[in-house]
Protein chains: 2
Amino acid sequence: MPVATPEKIAELADRLFYERGFATTSFADIAGALGISRGNFYHHFKTKDAILDAVMARRLEQRKLWLAEWAALGPRAALHRFIDILTVNEAKIMAHGCPVGGLCQELARLNHAAQPGAQAIAGLFIDWLAAQLVLAGGREELARHLFGRAQGVAALANITGDKALMQAEVKALHLWLDEVLNGE
Amino acid sequence: MPVATPEKIAELADRLFYERGFATTSFADIAGALGISRGNFYHHFKTKDAILDAVMARRLEQRKLWLAEWAALGPRAALHRFIDILTVNEAKIMAHGCPVGGLCQELARLNHAAQPGAQAIAGLFIDWLAAQLVLAGGREELARHLFGRAQGVAALANITGDKALMQAEVKALHLWLDEVLNGE
DNA sequence: CTATAATTAGGGCGAACGTCCTAGTATCGT
DNA sequence: ACGATACTAGGACGTTCGCCCTAATTATAG
């Protein structure tokens, strides 16, 4: 008798949406992986879009926690810690890309109503980066650049599957950050 | 009586796969958009994967043509012209992302057999960039970095939908290229 | 202990999917 | 003119999709 709370369902859906994409993950996939029936599933989430909303809300809250933790390190270390998501999630990113950028891209292609929600998660990072940059004495406009660079490294890792390349790119990003923070 | 050559079909499938994704574009979508019947369709392509193969072969050849044209400008201008794909295809990239990176990511998520083919298109660009960089007096290792940067700009444009930001990022990439080519 | 609610399982709906097939209609070499 | 080949149309297949429903089972409250 498997326990299927909405949280458990959202947690698994989060993983599957990331690994296999939203459109190509079915009710049956999630229910099957959880060991519950589709009927049970339907009791907790009426529509697939409702699951997506729950997953996005979940991701948003999780990212907020991360950002708060990192901010406690002080702005400079926080910014470096952001870059290190790429290192920490190395294997996953090489296999499935960036969860934030990937969802944005997929929802854009689907013309999905939840697209703004996905963009909001990216916006959360960008705003946080801007705030940390200001605290660290840098220009806040660099936030979007830094975010884009990280997206690029993720894409590159996913495309080439080259671990050493990914590590080199991360290193280069750290160096770049130190440069712009130290003034030139 | 619509004319449906394999080339016409591949051309339209190319566009639809880019705009809406491979998995979420159906036989019926392509046939309907072309104004032909599914039976006719099947006569030219037995399976959906066969269409994907044709689309990827088409893209590969088209990109080879582009790269050859750009190479004729001389290495330095060629590298700048590569960066300007982002400008030339601005609207499309903001709406649907990078066709190369997007396909790679989708096929990776689907664990699709054609994944290496998509990666080969990216590899074509990277190898070409490496060759042009050497000709321009730069380090060939920068090729993958430059490609990744371009991927990042495309992702950023797709996520934020900010045209001015995209233009600024492109400008920054041009400046970076001039810097690394002029030595430091 | 019992009535009410929450949870579970699983069948079934209509639609759409990729694929296959057959039957007409051009096209073309001879 | 005719037989063969290419093309086109569209129906039908089995499956899976998201979604809905009912019937059991479990938990909860009075």
Side-chain angles (χ1 to χ4, degrees), chain A residues 1-58 103 106-107 109-115 117-118, chain B residues 1-58 103 106-107 109-115 117-118:
Chain A
M1 63 301 283
V3 181
T5 64
E7 292 78 36
K8 283 255 182 194
I9 295 175
E11 181 186 349
L12 188 74
D14 191 342
R15 223 191 65 211
L16 291 182
F17 286 175
Y18 173 42
E19 292 175 358
R20 329 215 284 228
F22 167 69
T24 44
T25 299
S26 69
F27 269 32
D29 287 336
I30 305 173
L34 248 162
I36 66 175
S37 70
R38 290 155 298 131
N40 186 1
F41 200 104
Y42 180 72
H43 179 261
H44 295 289
F45 294 98
K46 298 294 175 200
T47 68
K48 198 181 179 185
D49 288 352
I51 308 173
L52 179 59
D53 288 341
V55 166
M56 291 200 310
R58 191 190 142 81
L103 187 62
E106 181 173 9
L107 296 187
R109 283 183 163 186
L110 296 175
N111 267 75
H112 197 284
Q115 194 181 350
Chain B
M1 66 306 275
V3 180
T5 64
E7 292 80 32
K8 283 255 181 193
I9 295 175
E11 181 186 350
L12 188 74
D14 192 342
R15 224 192 66 211
L16 291 182
F17 286 175
Y18 172 44
E19 292 176 357
R20 328 215 287 227
F22 167 68
T24 44
T25 299
S26 68
F27 269 30
D29 287 337
I30 306 173
L34 249 162
I36 65 175
S37 71
R38 288 155 298 133
N40 185 1
F41 200 105
Y42 180 74
H43 179 261
H44 295 289
F45 293 98
K46 299 293 176 203
T47 69
K48 199 181 179 186
D49 288 352
I51 308 174
L52 179 59
D53 288 340
V55 166
M56 291 200 311
R58 191 189 141 81
L103 187 62
E106 182 173 9
L107 297 187
R109 285 184 162 185
L110 296 174
N111 267 72
H112 197 285
Q115 195 180 350

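The chains referred to below are lettered A, B, ... by the order of the sequence lines, with proteins before strands, and numbering in each begins at 1. These numbers come from the heavy atoms of this one structure, side chains and all, not from hydrogens, waters or symmetry mates.
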### Query
Could you walk me through whether B:Met56 and B:Leu107 pass the side chain to side chain contact (heavy atoms under 4.5 Å, CB included) check?
CA-CA 12 Å; B:Met56 291 200 311; B:Leu107 297 187; 4.3 Å; yes

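Regarding B:Ile9, its CD1 atom lies at a distance of 10 Å from the P atom of D:dC7, rounded to whole Å. Between the P atom of D:dC19 and the CD1 atom of A:Ile30 lies a distance of 11 Å, rounded to the nearest Å. Rounding to whole angstrom units, CD of residue A:Glu7 and P of C:dT7 are separated by 11 Å. For the pair A:Leu52 CG and D:dC19 P, the interatomic distance rounds to 12 Å; values are reported in whole Å. Atom CZ of B:Phe45 is separated from atom C1' of D:dA6 by 16 Å (rounded to the nearest Å).
Contact detail for B:Phe27 and B:Thr47: the closest heavy-atom pair is CZ-C, 3.8 Å. Residues A:Leu16 and A:Thr25 share a closest heavy-atom pair of O-OG1, 3.5 Å. Listed here is the closest heavy atom pair of A:Val55 and A:Ala10: CG2-O, 3.7 Å. Residues B:Ala54 and B:Phe45 approach most closely at CB-CE2, 3.6 Å, considering heavy atoms.
Between the side chain of B:Asp29 and the backbone N or O of B:Ser26, at least one donor-acceptor pair lies under 3.5 Å. Between the side chain of B:Asp14 and the backbone N or O of B:Glu11, no donor-acceptor pair lies under 3.5 Å. Side-chain N or O atoms of B:Arg109 include one that pairs as donor or acceptor with a backbone N or O of A:Tyr18 at under 3.5 Å.
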Between the protein and nucleotides 3-6 of chain C, which nitrogen or oxygen pairs come in under 3.5 angstrom?
none

Collect all protein-nucleotide pairs involving nucleotides 26-29 of chain D in which both atoms are nitrogen or oxygen and the distance is under 3.5 Å.
none

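B:Leu34 has its side chain out of reach of B:Asn40: every pair of non-hydrogen atoms, C-beta onward, lies at least 4.5 Å apart. A:Asp49 has its side chain within reach of A:Phe22: a pair of non-hydrogen atoms, C-beta onward, lies under 4.5 Å apart. Contact annotation: the side chain of B:Leu103 never approaches that of B:Phe17 to less than 4.5 Å [non-hydrogen atoms, C-beta and beyond].
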### Task
Do nucleotides 10-27 of chain C as a string where each nucleotide becomes B, S or -: B if the base has a protein heavy atom under 4.0 Å, S if just the sugar-phosphate does, - if no protein is that close.
BBB----SSBBB------

